[in-house]
Amino acid sequence: CTKVDPEHDRVMVDGTAVYPEELFYLVLNKPKGCLTAISDERGRPTVMDYLPNLPAAVKPVGRLDFYTEGVLLLTNDGELSARLQAPRYHVEKTYHAKVKGNLRDEDLDKLRVGVRLDDGTTTMAAQVTLLPGESRHDWLAITLVEGKQRQIHRMLEAVHHEVQKLQRVAYGNITFHGLRVGDARELSQAEVNLLRELVGLDRSVGSRGRWQSRREDTDIVRRARARELADIESEEAAREAAGGPARPDPRREALARQRP
């Protein structure tokens, strides 16, 4: 394959010059109840509904489950994204988990050393701390260096406990400090530098740290979409109850195209 040096090479497609898109980095304090996806063919809410007027086409770095809140990075820097998700770089991701009931010391020790999951794999060592509080249920701070699907839920299930609430509070050096749930901002130059250093990349890219989005900016559009989706689902349920044919509603596809 041929590599292009954007400083010296000129790329032409059908006689038209093509220029590289400027790299862009942001953090969203993801709300629960939306997919970590660019789009959804069924018209369900995604994280992109909270990110209007983006200057670049970004993608999520990894994913957070539908009902998980917290720090979600998005970027068009494919190399950085791949390295942040690669197990060999051991990038730390910290979560706060509310667990039904109370864990025993031996349960905490098992989680720290590694537990066998339902698919037969064993988790890597993790940092697990019992957080202080007055709740009848335990809150844990869990720091992982890997990213298996629904890993924390499955880890707690392995010691016979259930996660009731989950929030990612840090990804590497990035936290949601200063961001309400549903708010987003561009990363600063210092934050991008540190992220790239974590995975062995240089400081050759810039970040202005100016772009930001407040959840109020998208409230009207998101609420209108939610009402329309609820109407579609209600009509589908009524049709199914009446024994009607199951067929995709074209309005779902239309909703999927109506992104900010």
Side-chain angles (χ1 to χ4, degrees), residues 27-37 44-47 50 60-74 81-183 191 194-195 197-199:
V27 56
L28 166 70
N29 189 354
K30 176 192 173 294
K32 64 182 179 181
C34 64
L35 298 168
T36 303
R44 294 172 296 180
T46 78
V47 294
Y50 293 85
V61 178
R63 66 188 297 275
L64 289 176
D65 293 335
F66 190 75
Y67 290 109
T68 301
E69 301 177 355
V71 175
L72 180 68
L73 302 180
L74 297 97
S81 180
R83 292 197 182 197
L84 286 172
Q85 297 175 71
R88 69 189 180 102
Y89 289 103
H90 289 228
V91 178
E92 294 186 345
K93 297 171 282 289
T94 300
Y95 300 80
H96 285 175
K98 181 183 180 182
V99 182
K100 186 176 182 179
N102 304 110
L103 285 85
R104 302 170 300 172
D105 289 342
E106 50 263 43
D107 293 331
L108 295 173
D109 290 338
K110 288 178 183 178
L111 294 171
R112 291 171 182 137
V113 173
V115 293
R116 188 178 178 87
L117 301 180
D118 49 10
D119 62 357
T121 61
T122 300
T123 59
M124 299 174 66
Q127 300 173 40
V128 181
T129 305
L130 187 63
L131 296 172
E134 303 295 328
S135 174
R136 292 187 297 109
H137 303 287
D138 283 342
W139 278 87
L140 301 179
I142 303 175
T143 298
L144 306 177
V145 292
E146 57 181 339
K148 298 178 184 294
Q149 186 176 20
R150 298 187 70 253
Q151 180 167 342
I152 290 180
H153 287 273
R154 295 163 67 201
M155 287 171 64
L156 269 298
E157 288 168 1
V159 293
H160 310 293
H161 281 275
E162 176 188 344
V163 174
Q164 294 187 319
K165 184 175 182 179
L166 187 61
Q167 179 184 52
R168 183 155 68 192
V169 298
Y171 195 128
N173 57 299
I174 308 300
T175 72
F176 54 53
H177 179 71
L179 289 178
R180 301 167 304 167
V181 173
D183 288 355
E191 289 172 324
L194 283 172
L195 270 181
E197 286 177 359
L198 280 176
V199 293

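Since the structure is predicted, the reported quantities are computational estimates derived from the model, not experimental observations.
Open room surrounds CD on Q149; 12 or fewer heavy atoms of other groups in view lie less than 6.0 Å from it. Within 6.0 Å of the NZ atom in K165, the count of heavy atoms belonging to other residues, nucleotides or ligands does not exceed 12.
Annotation: side chain of T143 is not in contact with side chain of V128 (no heavy-atom distance under 4.5 Å). Two residues are said to be in side-chain contact when any heavy atoms from C-beta on lie closer than 4.5 Å; Y171 and E92 fail this criterion. Between T123 and T121, every side-chain heavy-atom pair lies at or beyond the 4.5 Å cut-off. Using a 4.5 Å cut-off on side-chain heavy atoms (C-beta onward), N29 and V71 make no contact.
Exactly one of R150, R154, H153 qualifies for a side chain to side chain contact (heavy atoms under 4.5 Å, CB included) with V163. That residue is H153.
Looking at residues two or more places apart in sequence or on another chain, you find no side chain to side chain donor-acceptor pair (under 3.5 Å) involving Q164. Legend: residues meeting side chain to side chain donor-acceptor pair (under 3.5 Å) with R116, ordered by chain and number and at least two apart, are absent. Remark: A82 pairs with no residue by the side chain to side chain contact (heavy atoms under 4.5 Å, CB included) rule, at least two apart or across chains. Under the salt bridge (charged side-chain N to carboxylate O under 4.0 Å, His left out) criterion, R180 pairs with D183, E216, sequence neighbours left out. Annotation: side chain to side chain donor-acceptor pair (under 3.5 Å) contacts of E197 (sequence neighbours excluded): R203.
If you take CG on L198 and CG on L84, they are separated by 7.5 Å, rounding to the nearest 0.5 Å. The distance from atom NZ of K100 to atom CZ of R136, rounded to the nearest 0.5 Å, is 9.5 Å. In this structure, the separation between NZ on K30 and CG on L179 is 14.5 Å, given to the nearest 0.5 Å. Annotation: the span from L72 atom CG to L28 atom CG amounts to 6.0 Å, rounded to 0.5 Å. Considering NE2 of H161 and CG of L103, their distance stands at 4.0 Å, rounded to 0.5 Å. Rounded to the nearest 0.5 angstrom, I174 CD1 and R168 CZ are separated by 11.5 Å.
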For L195 and N173: C-alpha separation, side-chain torsions, deciding distance, then whether side-chain contact (heavy atoms from CB on, under 4.5 Å) applies. CA-CA 7 Å; L195 270 181; N173 57 299; 3.3 Å; yes

Going through the checks in order, is the side-chain contact (heavy atoms from CB on, under 4.5 Å) test met by M155 and L117? CA-CA 7 Å; M155 287 171 64; L117 301 180; 4.2 Å; yes

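For A97 against L166, the heavy-atom pair with the smallest separation is CB-CD1, 3.7 Å. Annotation for Y95 and L144: closest pair CE1-CD1, 4.2 Å, computed over non-hydrogen atoms. Across all their heavy atoms, C34 and Y50 have their closest contact at SG-CE1, 4.2 Å. Considering all non-hydrogen atoms of both residues, V145 and H90 come closest at CG1-O, 3.7 Å. Nearest approach of A37 to P60, heavy atoms of both residues: N-CG, 4.4 Å. Contact record, V27 with T175: CG2-O, 4.4 Å, taken as the closest heavy-atom pair.
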Side-chain atoms of residues 61-68: list all donor-acceptor pairs with protein atoms under 3.5 Å, sequence neighbours left out, distances to 0.1 Å.
from	atom 1	to	atom 2	distance (Å)
R63	NH1	D65	OD1	2.8

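The residues D138 and K98 are annotated as not salt-bridged, no charged nitrogen and carboxylate oxygen being separated by less than 4.0 angstrom.
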